[in-house]
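In this text the structure is predicted, and so the values were computed from the model without any measurement. For the numbers below, each heavy atom of this structure counts, side chains included, while hydrogens, waters and symmetry mates do not. Naming convention: chains lettered A, B, ... in sequence-line order (proteins, then strands); numbering from 1 in each chain.
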Amino acid sequence: WTRERFTMEESLSKGVREVFVRLYEEGWIYRGTRIVNWCPRDKTVLSDLEVKEEKAKDGKLYYLRYPVRRGEGETRGDGDFITVATTRPETMLGDTAVAVNPEDERYKNLIGSTINLPLTGRQIPIIADEYVESEFGTGAVKITPAHDPNDWEIGERHGLEKLVVMNDDATMNAAAGEDFNGLDRFAAREKVVEEFEKLGLLEKIEDYEVTLPHCERCKTVIEPLLSEQWFVKMDEMRDLALGLINEEGYPHFYPEVPHKKVYTTWLENLKDWTISRQLWWGHQIPAWYDKDGNVFVARAAEEAFEQAGTSELTQDQDVLDTWFSSALWPFSTLGWTGSGEGEKGREGERSSDLDVFYPTDVLVTGRDIIFLWVSRMVMTGMKFMGERPFDDVIIHGTVLDKNGQRMSKTKNNGIDPLDVFEKYGVDATRMALAGSATGVDFAWRDERVESFRNFANKIWNATRFCLMNADGTTNFSLSSGTTNFSLSDKWILSRLSKTSKAVNRALETYQFHEAVQLLYHFFWDDFCDWYIELKKDEITAGDQEATGLIVAILEQALRLLHPFMPFLTEELWQKLPGVSTGLHNPAYASAGQTIMLTSFPTGDDALIDEEAEREMSSVIELITKVRNVRAEMNIKSSDRLSIHVAADKQMQAVFAANDAQIKKLARADNIVLAESLEVPKASARAVLTGNAEIAVPLEGLIDFDKERARLNGQLEKLDVELQRLNGQLSNQNFVEKAPEEKVQELRDRKAEIESQQKTLTQNVEALN
RNA sequence: GCCGACUUAGCUCAGUGGUAGAGCACUCGCUUCACACGCGAUAGGUCACAAGUUCAAGUCUUGUAGUCGGCACCA
């Protein structure tokens, strides 16, 4: 927080003025009169990016007849009109020409003629311009250079007068004529149409689907208006950004599709950037004017006075587009002011933040500001730092409402994050969002946050359990007592290491949802549902070694979870016995004790134990099968069972070593291990992977029909899989062309299924 | 008009050419002493549609439909 920055503070403002002056001096910033996007309500100019196109409800196309003049002061006969079509009839008051395509046979003989422009008493020429498409409308276009960007360009080409007929609030001005002066643009539109009708010059009105530009902020229809503003020339800026992405591939977009292409295409078609705004809030433009209107661009008033040789100057009242200062963010926040302070690579100076941190690694943002912000940071970074501002850009999805609609104030379908925090907690919200960060838009679901609230509660309770018996436990380390590790210890350490490695891999490529899933399932399924349950007896009995180990594993898990659930994990970590600054990354050994400064676990290859994972799978499978028997046969949990297991010597040894844990979790009184089963007919049966078999004697409890149905259900499932395997294995092409490993894998699986089917079939027959 | 993405369980979404997954919801059972915000066991799929490539397609190619997004034009 010592580096908190705000673009309006002095240091950053200094950078803004520096950049403005330098770009002005190089001719990359200029002041000019152009057709701009004007919001008549906010009374400011807007950049193209702040204008949103929306379909108009009742668009109309008006066909207006302009009388063609025959001789001095008179028009031709009744039929001598040229008809133009327009969606904005009021702009005809500012027309200074009518244009037709030079090749259009209908109008060829009229080129060079003059029109008596109705309602104005003005006379305007008919000109020829390639821009006009003969097929569109009537093939004749009214030209209003001061109120339409395309018309303005035609006006430039033909040296037409640029007649401004509107005020800055979109009312008509005196140039529009006495009858229209002061009328709002839409009232003027109606009046123009009425007048044309009266004159018999309104040919027709057609319904017409039209999209209109709206002010992004206030939704008012934008008026294209001739206005003097400040612009950044984009030719060189665009080339800097295009060169970077085309030649060096920076920035890397995550996900690359579709953002890289959209970004590149936008750059290729870029027009100049309007940077002045008629607003109160912002960086005031560092330009001063003398009484004759001469411009002095300077870093400060004194510098302008010096240039002008007078202090009789007034500063430009306009401010800069907010994105102008934001465009400098990657270096202005690191101390760059252009004056040399804090800048890179200056010999003899101590290393500055700019030296250390620029270029940055990654920018995280939404796609709606790729053009507004990301592209401009790239441009100014290249221009003023000489290198890219960041390597990677993560574009995350947009949060939609529960119906998949974008949230908006007008629809009132937004959610208040503070309400969500209040209801489910900040950590749950954070993890729910991280778990949704796939780059794709996603619908907001309270239930999803709720599930992570439940997860947070799970972590809290698991920690509580570990701490209940941890009094006096101070010595914990994953490597302590290595020789005494039980199967479940080796298994959980292997799972922890694999999870750590996978989480790191996921984070390296910004797969946050993947990291969230890994951690959720490691903590809940592996650690809570299995490991804690397996170790419960040892821990509640006060086994110090077991407690030390479980605390060590918990401590690692909390570190892994910390970036996703910072408050909860810090709170719990502080409560763990034996935590100290000794666990910090060595660079922070002297800081106050906090989980924030511990190293992020990377996993330990030495702890990965495939054999332990295989053996543990067998134990889990055994317990699950017995639980299934219990559930399907409706055996009360208070009824203790006896479990008979037939397995090879190796598996017998595994089950024997975990006898106590199996009894506890399967709620059994004893386990009989042997090469083959010798049990009464009234037993429920199941098969395990690896040719093992179990039976649970249920004298007086078994329902033979139900057991038959249960076993047949399992047989059916196996049969479905077997059919598929047979299909593949009988395909000669598969056997010949698929990798040998894959073929062998299927053959092994087929053998496994056939063995299990054989056993299950015998079991069913034994029930008869 | 141009470009792009998406379409997988009831809902919201993951999914790396090789046995389709999660959370929530649903069904059944459980006062098992960390947690009912819980535990245990199930059920639920024509991976939008059609063709193609491949031994093998949710995954690659093409087309179609629908949904959404971006850009442009709009006399």
- Item | Side-chain N,O (A:N269) to OP1/OP2 (B:rA72) below 4.0 Å | no
- According to a strict under-4.0 Å criterion, is A:H513 in side-chain N/O contact with OP1 or OP2 of B:rG15? yes
- Query: Which whole-number value in Å describes the distance from A:K261 NZ to B:rC3 C1'?
  - Reply: 6 Å
- Note on the structure: ring pair (Phe, Tyr, Trp, His ring centres under 6.0 Å) filter on A:W266, not counting sequence neighbours, yields A:F371
- Message: Over all strands shown, is A:R630 touching base, sugar-phosphate only, or nothing at heavy-atom distances under 4.0 angstrom?
- Response: nothing
- Whole-Å gap separating C1' (B:rG70) and CD (A:E53): 13 Å
- Expressed as a whole number of Å, how far does the C1' atom of B:rG10 sit from that of B:rU27? 14 Å
- Query: ring pair (Phe, Tyr, Trp, His ring centres under 6.0 Å) with A:W460: which residues, sequence neighbours excluded?
  - Reply: none
- Message: Once salt bridge (Lys or Arg N to Asp or Glu O under 4.0 Å) is applied, what residue pairs with a partner in residues 128-147 of chain A remain, sequence neighbours excluded?
- Response: A:D95-A:K142, A:D129-A:R157
- Query: Along nucleotides 23-37 of chain B, 5' to 3', which nucleotides get a B, which get an S, and which get a -, given that the test is a protein heavy-atom distance under 4.0 Å?
  - Reply: SS-------S-BB-B
- Message: When the P atoms of B:rC3 and B:rU8 are compared, how many Å lie between them, rounded to an integer?
- Response: 25 Å
- Item | Test: A:K536 cationic atom under 6.0 Å from A:F465 six-membered ring centre, within 45° of axis | yes
- Query: Checking all strands, does A:K625 fall into the base, sugar-phosphate, or nothing category for heavy-atom contacts under 4.0 angstrom?
  - Reply: nothing
- Note on the structure: salt bridge (Lys or Arg N to Asp or Glu O under 4.0 Å) filter on A:D529, not counting sequence neighbours, yields none
- Task: Select base, sugar-phosphate, or nothing to describe what A:F136 touches, counting heavy atoms under 4.0 Å on all strands.
- Result: base
- Item | Spacing of the P atoms in B:rU16 and B:rU61 (rounded, Å) | 13 Å
- Item | For atom CG of A:L212 and atom C1' of B:rA72, their distance in whole Å | 15 Å
- Sticking with atom P, work out how far B:rG66 lies from B:rC49, rounded to a whole angstrom. 16 Å
- Record whether the side chain of A:T211 comes under 3.5 Å of the base of B:rC73 through a donor-acceptor pair of N or O atoms. yes
- Please state how far atom CZ in A:F371 lies from atom C1' in B:rC3, giving the value in whole angstrom units. 11 Å
- Quickly work out the A:E268 CD to B:rC3 C1' distance and round it to whole Å. 12 Å
- Just checking A:T138: base, sugar-phosphate only, or nothing, at a heavy-atom cut-off of under 4.0 Å? nothing
- Item | Plane angle bin for A:W524 and A:F455 - parallel if under 30°, tilted between 30 and 60°, otherwise perpendicular | parallel
- Taking only residues two or more places apart in sequence, or in another chain, which ones meet A:F564 in a ring pair (Phe, Tyr, Trp, His ring centres under 6.0 Å)? none
- NA contact type, A:T438, heavy-atom cut-off 4.0 Å: base, sugar-phosphate, or nothing? sugar-phosphate
- According to the salt bridge (Lys or Arg N to Asp or Glu O under 4.0 Å) rule, which pairs have a member within residues 717-739 of chain A, sequence neighbours left out? A:E721-A:R749
Anything under 3.5 Å between a donor and an acceptor, one on a side chain of residues 510-518 of chain A, the other on a protein residue two or more places apart or in another chain? List them.
unit_1	atom_1	unit_2	atom_2	d
A:Y510	OH	A:D392	OD2	2.7
A:Q511	NE2	A:T509	O	3.3
A:Q517	OE1	A:H521	NE2	3.4

- Message: Between B:rU53 and B:rG44, how many Å separate the two P atoms, rounded to a whole number?
- Response: 34 Å
- Atom CG of A:L400 and atom C1' of B:rC13: how far apart are they, to the nearest Å? 12 Å
Using atom names, set out every protein N or O paired with an N or O of nucleotides 54-63 of chain B below 3.5 Å, distance rounded to 0.1 Å.
unit_1	atom_1	unit_2	atom_2	d
B:rC55	OP1	A:K737	NZ	2.8
B:rC55	O4'	A:N733	O	3.4
B:rC55	O2'	A:N731	ND2	3.0

- Ranking B:rA20, B:rA41, B:rA5 by distance to the side chain of A:V257, first place goes to B:rA5
- Item | Whole-angstrom distance between B:rG52 and B:rA9, as gauged at atom P | 26 Å
- Message: Tell me the interatomic distance from A:D148, atom CG, to B:rC73, atom C1', rounded to whole angstroms.
- Response: 12 Å
- Task: Counting Watson-Crick and G-U wobble pairs whose two distances are both under 3.5 Å, find the runs of 3 or more in a row that involve RNA chain B.
- Result: B:1-7 with B:65-71, B:10-13 with B:21-24, B:27-30 with B:38-41, B:48-52 with B:60-64
- Message: When the C1' atoms of B:rC2 and B:rC60 are compared, how many Å lie between them, rounded to an integer?
- Response: 26 Å
- In whole angstrom, give me the gap between the C1' atoms of B:rU59 and B:rA14. 13 Å
Quick one: side chains of residues 441-452 of chain A, donor-acceptor pairs under 3.5 Å with protein atoms, not counting sequence neighbours, listed by atom name and distance.
unit_1	atom_1	unit_2	atom_2	d
A:D441	OD1	A:R367	NH1	3.0
A:D441	OD1	A:T398	N	2.8
A:D441	OD2	A:R367	NH2	3.1
A:W444	NE1	A:D446	OD1	2.9
A:R448	NE	A:S436	OG	3.0
A:R448	NH2	A:G435	O	3.0
A:E450	OE2	A:R453	NH2	3.4
A:S451	OG	A:R448	O	2.8

- A:E716 atom CD is separated from B:rA43 atom C1', nearest whole Å, by 14 Å
- Could you tell me how the ring of A:Y208 sits relative to the ring of A:F136: parallel (under 30°), tilted (30 to 60°) or perpendicular (over 60°)? perpendicular
- Task: Determine, for A:E206 against A:K204, whether the closest basic-nitrogen to carboxylate-oxygen distance falls under 4.0 angstrom.
- Result: yes
- Message: Going by ring pair (Phe, Tyr, Trp, His ring centres under 6.0 Å), name the residues that satisfy it together with A:Y531, two or more places apart in sequence or in a different chain.
- Response: none
